[in-house]
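We name chains A, B, ... by the order of the sequence lines, and we start the count at 1 in each one. All values below come from the heavy atoms of this structure, side chains included, with hydrogens, waters and symmetry mates left out.
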Amino acid sequence: MQMLRIVLEPLLDKALTANGIHNQHWRSMLVRSREHDQGDLSLPCFPFAKELGKPPAEIAQMIAESLDSSDAIGEVNAVAGYLNVKANPVWLAEQVFLNAIRIGDAYGSKPANDEHILVEHTSANPNGPFHVGRARNAILGDTMVRLHRLHGNNVRAEYYVDDMGKQVAVLAWALKNLSASDVEQTLSDREPVNSKWQGKADHERVRWYQAAQAIRQDRADKEQIEADISKMVHASEHGDEAVLKSFEDAYQPVLDGMLSTLKRLGIDFDTFTKESMFVTNGDVSRLMKQFKTFDIHGVAENGAEFLDLGARGLKGKTEFFFRRGDGSSLYATRDIAYHMWKWQQCDRLINVLGEDHKLQAKQVGLTLAELGEKIPDVLFYSFIKLPEGKMSTRKGNVVYMDDLLEEAQAQAAAVVSDIHPEYTTEMVAEIAEAAGTSAVRFNIIKVSPDKGFTFRWEEALAFEGGSAPFIMYSHARACSIARKCAASGIDITSVLSEEATIPSEMPKGLVELLRTLCIHHDILAKAVNDRRPHLFANQLLQLATSFNAFYRDCMILQDGELNVFNFQISELARDLMRCSMEGLGILPVEQM
RNA sequence: GGACGUAUAGUGUAGUUGGAUAUCACUUUGGCCUUCUAAGCCGAAAACCCGGGUUCGAAUCCUGGUACGUCCGCCA
């Protein structure tokens, strides 16, 4: 609780000095109380024991007794060697009314500061529909974008389009050379496209890609095919505009299909940057020339070139190849050109990458350092697998995001119409869509990114306990109260601007809500700075839980009588829930 | 083989710049709707991979194992 810490530290400093403790190390020992019932901040006094020659319990007691009082401090106690300080609930309520808990908005409409942040995420090859594994990147990335905006930063969400190289070439070759019947014949042993997704280009065109992959292995003229594809790859890497255009015609509808899936999850991008740009504008060849001048530059037998990053501390395979024997560039080379370009337009750079990119990111980082550039922050995440094992389109062991969202919507609709038979079909569909997509996002974001994750339908579609609908429900309940007040003829605007009397005695649920409100911003800052969005997801669950406790203990409208203070707190909490939900991509519907 | 990451109740998960009685949810189980939305609330049971070390104090740090994941392409 930062706001309490600011008040407490000078008082503690004085009390500690008075008791003969002079080193300043204690500041880092003052931590959030582990025993929530005991306090908000705690100071373990064990390290002072040696210095003072007294038992820790006694020292804690001495400090407690010599601590000056303050409006901010409610209780001070010394237990088992710990000095516990609890904030005064009345003071917390004052802080809340003074707007100390305000956070920004998730749409970045009015950034509070001038720090420009570029978040690059997703950047999936445009060759097929998203499965839930690939979607972890998009959900993490979009959440980082939203949380940074909530934190007041100026953020750009960027998708790096892999518009050259072998994967796109294979897709382009297939669309040009294979008929629909060729494709269906080749893939006769696989599941057909779900009829629901017919006409959605990511689902349809991936069949061409898959058929081409099969044909490249088996067909009699496979060497000719390979040569054709190589020729296209080679041309693209030398910036051949006709070939790049044919690639674009092949992948763009696929990419559009993929983006419509993300759109359903509330995920948008500000800019799309094509990889080929760095070839056609000459950045890549300039970069390769510059690499030649480095003292860690090396040449292989066939003329391929590399940097020996072993000299810069890289372990294992230390040669980082940036140029093939035929003179063309590699993906990583272009990635470095891309990073230099990105650094020209932001103060901070965040890349969201799967753990399979760790080595590559290390190589890019070391090379950027060699070039005198800054190194980007990277948010790595571990993969999502299925109970049957690794997700693989080839083996048919895959769950498409489109299918998951449909199922989530359907199951949510069943719950809504069960609870509220009086709702119209349209209302049910709308609420179910919000609850379903929000639940899918939340179930992925609430888990620490570095933790492996096994996708299970029953967990992805859980709508109780620690889920998005649980949070949405608390918020909807707050909305319902406000509606009820308005309906009973209360002038909401004037009531909210009244100066309410803060009660000196508060029920437990109210105190808990105030304490939760007052650490909300601290947790947001930590989640953003440490790139750990799940911390904020857990805080939002805590906020919803605290609101439920407040709802239990504090009546707002009773026998037609409005409790102004309770209503103001309820509305503040409601607003904080709403913008926090938007920060995680949960839709704050007002009625459920 | 080498590098990196992960290991917490039956299940999933939080907590790791060392600190108290280890968080939350699901499951199991006992209660609460004639009062602002019960997708809710209150209670019970249940866990730090194994061995050593450092420390007043270790889930957290060091070390040695074990299990799982990822990488070790002139692919992207």
Nearest to the [X] side chain among [options], which nucleotide is it?
{"X": "A:N548", "options": "B:A14, B:A76, B:C41", "answer": "B:C41"}
{"X": "A:A476", "options": "B:A76, B:C71, B:U37", "answer": "B:U37"}
{"X": "A:R477", "options": "B:A14, B:U37, B:A76", "answer": "B:U37"}
{"X": "A:E464", "options": "B:C26, B:U6, B:U37", "answer": "B:C26"}
{"X": "A:D450", "options": "B:G15, B:U70, B:G5", "answer": "B:G5"}
{"X": "A:S448", "options": "B:A39, B:A14, B:A20", "answer": "B:A14"}
{"X": "A:I419", "options": "B:A39, B:A20, B:C74", "answer": "B:A39"}
{"X": "A:E459", "options": "B:G12, B:C56, B:C36", "answer": "B:G12"}
{"X": "A:P47", "options": "B:G15, B:G19, B:C74", "answer": "B:G19"}
{"X": "A:K358", "options": "B:U70, B:G5, B:A14", "answer": "B:G5"}

Does a side-chain N or O from [X] land closer than 4.0 Å to OP1 or OP2 of [N], or not?
{"X": "A:K362", "N": "B:C71", "answer": "no"}
{"X": "A:H534", "N": "B:G15", "answer": "yes"}
{"X": "A:R532", "N": "B:G15", "answer": "yes"}
{"X": "A:R334", "N": "B:A76", "answer": "yes"}
{"X": "A:Y473", "N": "B:A39", "answer": "yes"}
{"X": "A:K50", "N": "B:C56", "answer": "yes"}
{"X": "A:K317", "N": "B:C71", "answer": "no"}
{"X": "A:K451", "N": "B:A14", "answer": "yes"}
{"X": "A:R323", "N": "B:C74", "answer": "no"}

Does [X] reach a base, just sugar-phosphate, or nothing at all? Heavy atoms under 4.0 Å.
{"X": "A:K385", "result": "nothing"}
{"X": "A:Q360", "result": "base"}
{"X": "A:M472", "result": "nothing"}
{"X": "A:G452", "result": "sugar-phosphate"}
{"X": "A:Q363", "result": "nothing"}
{"X": "A:L557", "result": "base"}
{"X": "A:N84", "result": "base"}
{"X": "A:A80", "result": "nothing"}
{"X": "A:Q542", "result": "nothing"}

Row check, A:F291 ring normal vs A:R323 NZ/CZ: under 6.0 Å, within 45°: no
Charged tip of A:K358 within 45° of A:F380 ring normal and under 6.0 Å: yes
Rounding to a whole Å, what distance do you find between [X]:[atom1] and [N]:[atom2]?
{"X": "A:M29", "N": "B:C56", "atom1": "CE", "atom2": "C1'", "answer": "13 Å"}
{"X": "A:Y551", "N": "B:A39", "atom1": "OH", "atom2": "C1'", "answer": "13 Å"}
{"X": "A:L541", "N": "B:U23", "atom1": "CG", "atom2": "P", "answer": "16 Å"}

Applying the Watson-Crick and G-U wobble criteria at under 3.5 Å, what pairs with [N]? Answer none if nothing qualifies.
{"N": "B:U16", "value": "none"}
{"N": "B:C33", "value": "none"}
{"N": "B:A7", "value": "B:U66"}
{"N": "B:U54", "value": "none"}

Anti or syn - B:C50, cut at 90° from 0: anti
Spacing of [X] atom [atom1] and [Y] atom [atom2] [to the nearest 0.5 Å]:
{"X": "A:Y338", "Y": "A:M277", "atom1": "OH", "atom2": "CE", "answer": "9.0 Å"}
{"X": "A:M258", "Y": "A:D202", "atom1": "CE", "atom2": "CG", "answer": "7.0 Å"}
{"X": "A:L43", "Y": "A:L83", "atom1": "CG", "atom2": "CG", "answer": "6.0 Å"}

Whether A:H420 and A:Y423 hold their rings parallel, tilted or perpendicular, with breakpoints at 30° and 60°: parallel
A:F322 and A:H297 aromatic ring geometry - parallel, tilted or perpendicular at 30°/60° bounds: tilted
Given RNA chain B, 5'-ward residue of the pair A:Q167 and A:I556, judged by closest heavy atom: A:I556
Comparing A:N125 and A:V31 on RNA chain B - which has the more 5′ nearest nucleotide: A:V31
Shortest non-hydrogen separation from A:I63 to A:C45 and the atoms involved: CD1-SG, 4.1 Å
Any N/O pairs under 3.5 Å between the protein and nucleotides 57-59 of chain B? List them or say none.
{"unit_1": "B:A59", "atom_1": "N6", "unit_2": "A:R34", "atom_2": "NH1", "d": "3.2"}

Gap in Å between the two C1' atoms, one belonging to B:A47 and one to B:C26, rounded: 15 Å
P atoms of B:G57 and B:G31, separation to the nearest Å: 47 Å
Centroid-centroid distance, A:F470 to A:Y473, less than 6.0 Å: no
Side-chain donor-acceptor pair present, A:T318, A:D308, cut-off under 3.5 Å: yes
B:G19 base stacked by A:F46 (centroids within less than 5.5 Å, tilt under 30°): yes
Base B:C74 to side chain A:N302, donor-acceptor N/O within 3.5 Å cut-off: yes
B:A20 base / A:S42 side chain donor-acceptor hit below 3.5 Å: yes
Side chain to side chain donor-acceptor pair (under 3.5 Å) between A:S546 and A:R515, worked out: CA-CA 9 Å; A:S546 300; A:R515 294 174 80 191; over 6 Å; no
